[in-house]
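Since the structure comes first, as structure tokens, the remarks are kept for the end.
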Amino acid sequence: MNYDHKTIEQKWQDKWNKDQLYKTSDDQDKLKYYILDMFPYPSGAGLHVGHPKGYIATDVTARMKMMQGFNVLHPMGWDAFGLPAEQFAIKTGTHPAITTKNNIDNFRRQIKMLGFSYDWDREINTTDDEYVKWTQWIFLQLYHKGLAYEAEVPVNWCPELKAVLANEEVVDGKSDIGGHPVLRVPMRQWMLKITDYAETLLAGLDDLDWPHSIKELQRNWIGRSEGANVDFYIPAIKENLTVFTTRPDTLFGATYMVMAPEHPFVKTLVKPEQKDAVNQYIDNASKKSDLDRTELNKEKTGVFLGAHAINPVNGEEIPIWISDYVLMSYGTGAIMAVPGQDQRDWDFAKTFNLPIIRTVKPSEEFDGEAYTGDGPAINSAFLDGLQVEEAKAKITNWLVNEGKGEKAIQYKLRDWLFSRQRYWGEPIPVIHQDGSPSPLSESELPLLLPEVEKYEPAGTGESPLANISEWVEVKDESGNIVGLRETNTMPQWAGSCWYYLRYIDPKNSEKGWDEAKEKYWMPVDLYVGGAEHAVLHLLYSRFWHHVLYDLGHVSTKEPFQKLFNQGMILGQDGTKMSKSRGNVVNPDETVDTFGADAMRIYEMFMGPLDKAKPWSTTGLQGCARFINKLWNIFFDEDGKLLSKINNESADKETLRALHQMIKKISDNLDQLHFNTCVSEFMIFTNHLQSQNSINKDVLKTFVVCINPFMPHLAEELWASLGESTELSYENWPFYEESLLESDTITIAVQVNGKRRSEINVSTNAKEDEVLEKAKASEKAATFIEGKEIVKEIYVKGRIVNIVVR
RNA sequence: GCCCGGGUGAUGGAAUUGGUAGACAUGACGGACUUAAAAUCCGUUGGCUGAAUAAGCCGUGCCGGUUCGAGUCCGGCCCCGGGCACCA
């Protein structure tokens with residue numbers, strides 16, 4: 001009889017539910033284990049089979065940790081603000097809250113059908129009033145710490161749609177919807193000063209157990225550079241133009257300067273005869289789309305201002321240009337150009353016939369243009385002969401002593417643009433009074449979204465909220481307008497920045513979370529999610545966490561101790577699953593046909609968790625087949641326990657197979673190598689299948705082992721073996737070292753490193769004995785015969801190598 | 001261009017971290033059961049030479065090195081995936 005997944009899986013899920021089996025207590029006597037999934041955005045399309053891959057992995061881990069005696073926190077929730085629900089609202093008039101609720105109900109149903117051990121009492125939703133309250137509360141903490149400010153920042157303005165677009169809505173400089181041109185226009189925005197935390201966010205990475213590549217990504221994103229700020233005196237306006245450079249050692253090769261077109265000095269510096277050209281250049285630059293600016297191999301452009309600066313090291317007068325290859329947003333918005341050692345400067349110098357001086361002697365074989373490698377300084381007066389690092393140190397000291405510069409550190413990281421001109425987000429709890437912002441007090445939170453009739457943007461670039469005057473206008477008792485509410489809302493990142501803290505204490509109405517509980521549960525021990533969040537989500541939430549730590553609201557410096565990125569599941573055709581490609585595999589059908597346990601082990605068996613893999617229906621069938629095979633080891637045609645399952649003591653070979661399996665899966669689970677665990681189950685099942693008599697206790701131990709992977713099947717088998725204790729909290733088995741080894745082992749015999757034969761020896765055989773037997777073994781002997789033995793190597797329990805000449 | 005990953009049978013992948021390469025699974029082929037099919041079970045399955053489940057040679061992207069021994073370590077190259085991209 002086959003395993004009846006429909007009946008059995010439903011039966012146990014109902015029981016778990018009824019018994020509230022996975023309700024997490026805050027009982028602090030036990031060691032805790034906090035295992036977190038990146039919570040999903042509940043889209044209208046529902047789940048495809050790729051989404052739960054990470055959830056399966058965390059569920060397996062969570063269930064194993066429970067069995068190992070840990071108090072496990074494994075929650076699930078919804079990142080429910082976001083654009084799609086708002087766009088649907090614009091199209092249909094359906095309130096985003098309704099769309100969101102429906103989508104969540106569907107997601108929850110789909111997730112539940114896989115039999116996960118989530119504590120659903122801790123489910124959270126970023127759009128709940130009580131949740132929004134604490135998101136806003138954290139914003140106020142940031143505000144009061146001086147980390148939130150308003151600024152004029154360029155945004156993606158689409159005149160045709162009369163709306164500000166998110167970056168992801170802009171494709172190749174055009175609007176995603178309709179393909180209309182998108183301009184960069186400055187508008188008032190809320191910013192968060194993440195740059196203040198650049199250094200600590202960088203340093204914090206060192207101790208985290210994260211994938212190397214993700215740490216590297218974040219390091220690059222933060223982009224720390226060490227160098228110097230150098231002052232160039234401009235006689236015409238009697239002011240210094242400060243530049244940042246990582247190569248102060250090349251100062252003697254600075255033959256001109258370049259400022260960003262937006263640099264504030266441009267207007268005062270430009271000579272009358274250059275004014276027209278400069279203004280035209282500035283105008284063109286502002287119209288350039290992002291695409292134009294990043295175009296590869298593009299020609300350098302620029303205009304001479306007519307002004308000069310003095311090179312502080314040699315008093316030379318050098319011209320000042322403007323060009324859009326210099327960015328206002330990095331460093332000081334101006335550079336010293338050293339074409340001899342910088343390719344961009346070289347290209348610019350060649351285009352405009354500016355002088356090039358090498359200050360580092362290139363290596364002999366060098367035949368490129370700008371030379372960026374190491375070498376002795378040349379044409380650099382007192383630096384001549386010094387290697388780059390030495391020269392940097394010397395010139396920096398010189399600059400400091402002369403009062404012409406200082407050591408400096410720059411970051412690529414920019415402040416976080418925190419406002420969105422949208423309806424479906426957390427309102428920013430600020431009122432503008434007399435032109436300056438004042439935050440709401442804590443007691444006024446949450447500030448909730450008003451009902452609106454239309455979800456379209458206001459048309460002015462403001463959010464739909466701007467049209468609701470009764471909400472925007474804050475009045476005193478006598479009806480006078482005393483302030484205007486902020487109409488921007490927070491980005492979707494806001495809610496996901498701290499959700500891991502809310503899970504700890506999801507129902508607390510007094511606080512975002514209780515300190516004692518936070519201290520017990522934090523940090524997250526294992527965080528699993530897609531690599532697409534490598535930078536933004538993980539950097540933003542680390543930033544908030546660092547701030548909360550500095551304010552004393554959390555007890556750990558970092559939120560996520562260990563991070564793991566699951567790889568995507570691709571369609572059968574090897575491309576990304578998408579509706580348009582028609583290669584989406586639906587989990588509802590999969591579970592209906594093959595069962596939740598089959599889907600669970602298949603997704604774990606596919607390969608290493610972090611690798612992308614194409615879906616294979618035959619592979620899934622193989623896993624369903626395996627489950628049936630295992631089922632048929634227990635039951636006969638009528639579903640009765642087979643009589644070959646008995647209390648006769650297990651043979652040595654079976655015990656060895658059992659304990660080897662326990663050892664391997666225990667080790668592999670710790671390393672998140674789920675695929676090899678499944679193959680261990682298969683190996684042991686194959687072994688059991690060949691047995692005529694099977695000891696009941698062996699099977700019980702086996703059932704305990706498979707439980708994290710196939711909890712429904714395991715429960716059914718557990719009950720069939722007459723057990724009534726709670727399998728989910730059964731002790732995880734230990735392996736016995738003494739049972740792992742057999743009496744005899746097979747040793748490969750190599751001659752000159754080539755395997756020639758193998759011999760069986762007793763496990764504790766002495767080296768001499770093994771070597772004798774190896775040399776005497778038939779095949780090996782023919783290769784040794786007539787040769788001189790130079791060396792004999794024996795690696796205990798593994799291999800013999802006889803070196804002959 | 002720069003920074004990370006990664007190249008192992010027809011396919012997904014194993015390999016105790018320097019010690020018998022290809023576990024486990026999929027697919028394919030052969031067999032058993034069946035009137036037949038499905039399901040199930042039992043074999044075979046890296047390549048080449050061979051009648052052979054005799055023996056040998058080759059084989060982990062390519063070239064070279066270290067070592068008694070290299071998928072694993074070192075040097076150089078090629079290809080694929082991801083990220084960043086005028087960041088001074």
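Quick caveat: nothing in here was measured; it's all calculated off a predicted structure.
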Inset, instruction - Could you tell me the separation between the CZ atom of A/Arg755 and the C1' atom of B/rC58, rounded to a whole number of Å? - result: 16 Å

Inset, instruction - Would you classify B/rG27 as syn or anti? Syn applies when the glycosidic angle is within 90° of 0. - result: anti

Legend entry - Watson-Crick or G-U wobble mate for B/rC24, both contacts under 3.5 Å: B/rG12

Legend entry - Syn-anti status, with the boundary at 90° from 0, for the nucleotide B/rU17: syn

Inset, instruction - Answer yes if the ring centres of A/Trp615 and A/Tyr602 are under 6.0 angstrom apart, and no otherwise. - result: yes

Inset, instruction - Remember a base hit wins even if backbone is also touched, and classify A/Phe783 as base, sugar-phosphate or nothing at under 4.0 Å, heavy atoms. - result: sugar-phosphate

Legend entry - Touch class at under 4.0 angstrom, heavy-atom based, for A/Gly223 against every strand present: nothing

Inset, instruction - Taking the side chain as every heavy atom from C-beta outward, state whether A/Glu792 and A/Leu771 have any atom pair closer than 4.5 Å. - result: yes

Inset, instruction - Would you mind reading off the distance between A/Leu771 atom CG and B/rC68 atom P, rounded to a whole angstrom? - result: 17 Å

Inset, instruction - Please state whether the base of B/rU16 and the side chain of A/Arg798 form at least one donor-acceptor pair under 3.5 Å? - result: yes

Legend entry - Interatomic distance, A/Asp342 CG vs B/rC2 P [rounded to whole Å]: 14 Å

Inset, instruction - Rounded to the nearest 0.5 Å, what's the gap from CD on A/Gln218 to OG on A/Ser213? Could you check? - result: 10.5 Å

Inset, instruction - Using whole Å, report how far CD1 of A/Ile745 lies from C1' of B/rG19. - result: 13 Å

Legend entry - Near-strand residues of residues 657-671 of chain A, defined as heavy-atom separation under 4.0 angstrom from RNA chain B: none

Legend entry - Contact nearer the 5' end of RNA chain B, comparing A/Phe244 with A/Asn220: A/Asn220

Inset, instruction - Report the glycosidic orientation of B/rG50: syn if within 90° of 0, anti in every other case. - result: syn

Inset, instruction - For A/Asn686 and B/rU26, give me the distance from atom CG to atom P, rounded to whole Å. - result: 10 Å

Legend entry - A/Tyr256 and A/Phe348 aromatic centres sub-6.0 Å: yes

Inset, instruction - Quick one: label A/Thr746 by what it contacts on the DNA or RNA (base, sugar-phosphate, nothing), any heavy atom closer than 4.0 Å. - result: base

Legend entry - Mate of B/rG5 where both pairing distances stay under 3.5 Å, Watson-Crick or G-U: B/rC80

Inset, instruction - Name the nucleic acid region contacted by A/Arg756, choosing base, sugar-phosphate or nothing; use a 4.0 angstrom heavy-atom cut-off, strictly under. - result: sugar-phosphate

Legend entry - A/Ile759 CD1 - B/rU20 C1' separation (whole Å): 12 Å

Inset, instruction - Look at all strands and tell whether A/Ser616 reaches a base, only sugar-phosphate, or nothing, counting heavy atoms closer than 4.0 Å. - result: nothing

Legend entry - A/Cys623 side, atom SG; A/Glu603 side, atom CD - distance, nearest 0.5 Å: 10.0 Å

Legend entry - Identified pairing partner of B/rG18, criterion: Watson-Crick or G-U wobble below 3.5 Å: none

Inset, instruction - Calculate, to the nearest 0.5 Å, the distance between atoms CD1 and CZ belonging to A/Ile694 and A/Phe702 respectively. - result: 10.0 Å

Legend entry - Distance, rounded to the nearest Å, where A/Asp610 contributes CG and B/rG81 contributes P: 18 Å

Legend entry - Complement of B/rG64, any strand, by Watson-Crick or G-U distances under 3.5 angstrom: B/rC74

Legend entry - Gap between atoms CG and C1', on A/Asp347 and B/rA88 respectively (whole Å): 14 Å

Inset, instruction - Scan A/Pro608 against the nucleic acid and name what it touches under 4.0 Å (heavy atoms): base, sugar-phosphate only, or nothing. - result: sugar-phosphate

Inset, instruction - Identify whether any heavy atom of A/Gln410 sits under 4.0 Å from a base atom; if not, whether one sits that close to sugar-phosphate; answer base, sugar-phosphate or nothing. - result: nothing

Inset, instruction - Under 4.0 Å between any heavy atoms, over every strand shown, what does A/Ile793 touch: base, sugar-phosphate, or nothing? Just pick one. - result: base

Inset, instruction - Just call it for A/Glu216: base, sugar-phosphate, or nothing, with non-hydrogen atoms closer than 4.0 Å on any strand. - result: sugar-phosphate

Legend entry - Among B/rG19, B/rC4, B/rA25, the one nearest A/Val795 by side-chain distance: B/rG19

Inset, instruction - Would you please say whether a donor-acceptor pair under 3.5 Å links the side chains of A/Asn229 and A/Thr332? - result: no

Inset, instruction - Inspect the contact between A/Glu758 and A/Arg755 and indicate whether a charged nitrogen and a carboxylate oxygen are less than 4.0 angstrom apart. - result: yes

Legend entry - Nucleotide forming a Watson-Crick or wobble pair with B/rC29, both distances under 3.5 Å: B/rG43

Legend entry - Aromatic ring pairing A/His533/A/Trp493, orientation class (parallel under 30°, perpendicular over 60°, tilted between): perpendicular

Inset, instruction - Report which part of the nucleic acid A/Asn675 touches: base, sugar-phosphate, or nothing (heavy-atom distance under 4.0 Å, all strands). - result: sugar-phosphate

Legend entry - Along RNA chain B (nearest heavy atom to each residue), the more 5'-positioned of A/Ala612 and A/Lys754: A/Ala612

Inset, instruction - Would you classify A/Arg219 as touching base, sugar-phosphate or nothing, given that sugar-phosphate means primed atoms plus P, OP1 and OP2, and contacts are heavy atoms under 4.0 Å? - result: nothing

Inset, instruction - Counting Watson-Crick and G-U wobble pairs only, both distances under 3.5 Å, name the nucleotide matched with B/rG50, or none. - result: none

Legend entry - Ring-face cation of A/Lys300 near A/Tyr325 (centre distance under 6.0 Å, axis angle within 45°): yes

